[in-house]
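Structure first, commentary second.
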Amino acid sequence: MALEASLFSYRKGNTPVHKMSAGIKLFLLFLLCIFTFYKKTPQVVSDFYSPDLLIPLFSCFFFSFLIFFLGGANFKSILRLKFVFFIGFFVTVFTIFSMPQNISDEQKKFILNFHSIKINLNALASGILYTLRFFITTFSAQTVFETTSSLEIKNALENAQEKIAKILPPVKKLNPALSLTLAINFIPEIFETWNKVHTAALARSNTGKRKNLKNSIEMLFRELQSLLSCLLFYAETKRKALLNRS
């Protein structure tokens, strides 16, 4: 069974985004995340139409698709982001039935009553906004990781550290670039390991056996246990390698 490309995995190419400096891409991604989430989530549905909220949000949305097309427009990568909408759906569902303790008269206008069930439209709008923000940042991060190798990320962080160390010498001794490199590059490793574990589980499962909810849950827990074991082994191997080189 062939392995599919995992989420946040590097993809070779010769696009303008591939050629862009890794440091610039990481800096732009950092700014994008700030501008996407900097505006506080409104408490009332009517406030969601505010230009102060919509203009930065849709600007970031446009920018995320701009770098996506400049990076080769790999549409399969969008399909890998379906978990964003899955998480956003559950966050929204669990919040629309929640009622804040101190609710204003303006918020009460957007509470729907169906017999004994109350639906909070303010929470519904907040959930949709959260999902959209989550998608923009994850989608942009996916493009950055697809067009930037782990070595490029390492070199970019080390170059930034050297420049900062000229002003603040103690930074070089602390070596934050190493910690950031390991943390950032560990993200695609998680999804790549999960892809391998899931593919191996499918290859070893009995395809003729009737699937039901119980079997699916049992398989999911076994896959998660295997994922955790593999990640702990990978982290321990990295730790020993760093100790040997220090």
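Source: prediction; values computed, not measured. Worth knowing before you read on, the calculation uses all heavy atoms, side chains too, and leaves out hydrogens, waters and symmetry mates.
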Under a 4.5 Å cut-off applied to non-hydrogen side-chain atoms, are H18 and R11 in contact?
yes
F68: partners by ring pair (Phe, Tyr, Trp, His ring centres under 6.0 Å), with sequence neighbours left out:
F75, F139
Going by the ring-ring contact (aromatic ring centres under 6.0 Å, His included) test, name the single residue among F86, F85, Y130 that passes it with F135.
F85
Side-chain heavy-atom pair I128, F48 within 4.5 angstrom cut-off:
no
Nearest non-hydrogen partners of S77 and E146, listed with the distance
CB-OE2, 3.2 Å
Considering non-hydrogen atoms only, spot the tightest contact between I67 and T143 and give its length.
O-CG2, 3.5 Å
Salt bridge present between E162 and K166 (N-O < 4.0 angstrom):
no
Starting at CG of L174, measure out to OG of S179 and round the result to the nearest 0.5 Å.
9.0 Å
Scanning both residues in full, the closest heavy-atom pair of E223 with A201 reads OE2-CB, 3.3 Å
Residue pair T95 / V91: nearest heavy atoms and the distance that separates them
OG1-O, 2.9 Å
Which atom names give the shortest non-hydrogen contact between L53 and P42, and what distance separates them?
CD2-CG, 3.9 Å
Does L224 belong to the same Ile/Leu/Val/Met/Phe/Trp/Tyr cluster as L231, with side-chain heavy atoms less than 4.5 Å apart forming each link?
yes
Quick one, V45 with L124, criterion side chain to side chain contact (heavy atoms under 4.5 Å, CB included). Give me CA distance, side-chain angles, the key distance, then yes/no.
CA-CA 9 Å; V45 172; L124 175 62; over 6 Å; no
So which pairs with a foot in residues 213-240 pass ring-ring contact (aromatic ring centres under 6.0 Å, His included), sequence neighbours left out?
F186-Y234
Could you give the distance from CD1 (I136) to OG1 (T131), rounded to the nearest 0.5 Å?
11.0 Å
Which pair of non-hydrogen atoms, one from R133 and one from K39, has the smallest distance, and what is that distance?
NH2-O, 2.7 Å
If Ile, Leu, Val, Met, Phe, Trp and Tyr residues are connected whenever their side-chain heavy atoms lie under 4.5 Å apart, and connections chain through other members, are W194 and I187 in the same group?
no
Can you tell me how far the CG atom of L54 sits from the CG atom of L129, to the nearest 0.5 Å?
9.0 Å
Let me check something: do F191 and V84 share a hydrophobic cluster, defined by ILVMFWY side-chain heavy atoms less than 4.5 Å apart, either directly or through other members?
yes
ILVMFWY cluster, F65 and M20 together (side-chain gap under 4.5 Å)
yes
Return a table of donor-acceptor pairs under 3.5 angstrom between the side chains of residues 151-161 and protein atoms on other chains or two or more places apart.
| unit_1 | atom_1 | unit_2 | atom_2 | d |
| --- | --- | --- | --- | --- |
| E152 | OE1 | S149 | N | 3.0 |
| K154 | NZ | E158 | OE1 | 3.4 |
| K154 | NZ | E158 | OE2 | 2.9 |
| N155 | ND2 | L151 | O | 3.3 |
| N159 | ND2 | N155 | O | 3.1 |
| Q161 | OE1 | A177 | N | 2.8 |
| Q161 | NE2 | N175 | OD1 | 3.1 |

From L132 CG over to T137 OG1, what is the distance, rounded to the nearest 0.5 angstrom?
9.5 Å
If you round to the nearest 0.5 Å, how far is CG of L220 from CD of Q225?
10.0 Å
As an exercise, state the distance from OG1 of T41 to CG of D47, rounded to the nearest 0.5 Å.
11.5 Å
Flag, side chain of S64 to backbone of F61, donor-acceptor distance under 3.5 Å
yes
With ring-ring contact (aromatic ring centres under 6.0 Å, His included) as the test, would you mind laying out the steps for F62 and F58 before giving the verdict?
CA-CA 6 Å; F62 172 78; F58 283 99; over 10 Å; no
Taking only residues two or more places apart in sequence or in another chain, which ones pass side chain to side chain donor-acceptor pair (under 3.5 Å) with S59?
none
ILVMFWY cluster, I190 and F134 together (side-chain gap under 4.5 Å)
no
Quiz: residues 22-36 side-chain donor-acceptor pairs under 3.5 angstrom, not counting sequence neighbours:
| unit_1 | atom_1 | unit_2 | atom_2 | d |
| --- | --- | --- | --- | --- |
| K25 | NZ | V17 | O | 2.9 |
| K25 | NZ | T147 | O | 2.9 |
| K25 | NZ | T148 | OG1 | 2.8 |
| T36 | OG1 | L32 | O | 2.6 |

Heavy-atom neighbours of F83 CZ exceed 12 at 6.0 Å:
yes
Which pairs, with at least one residue in residues 170-191 and sequence neighbours excluded, count as a salt bridge (Lys or Arg N to Asp or Glu O under 4.0 Å)?
none
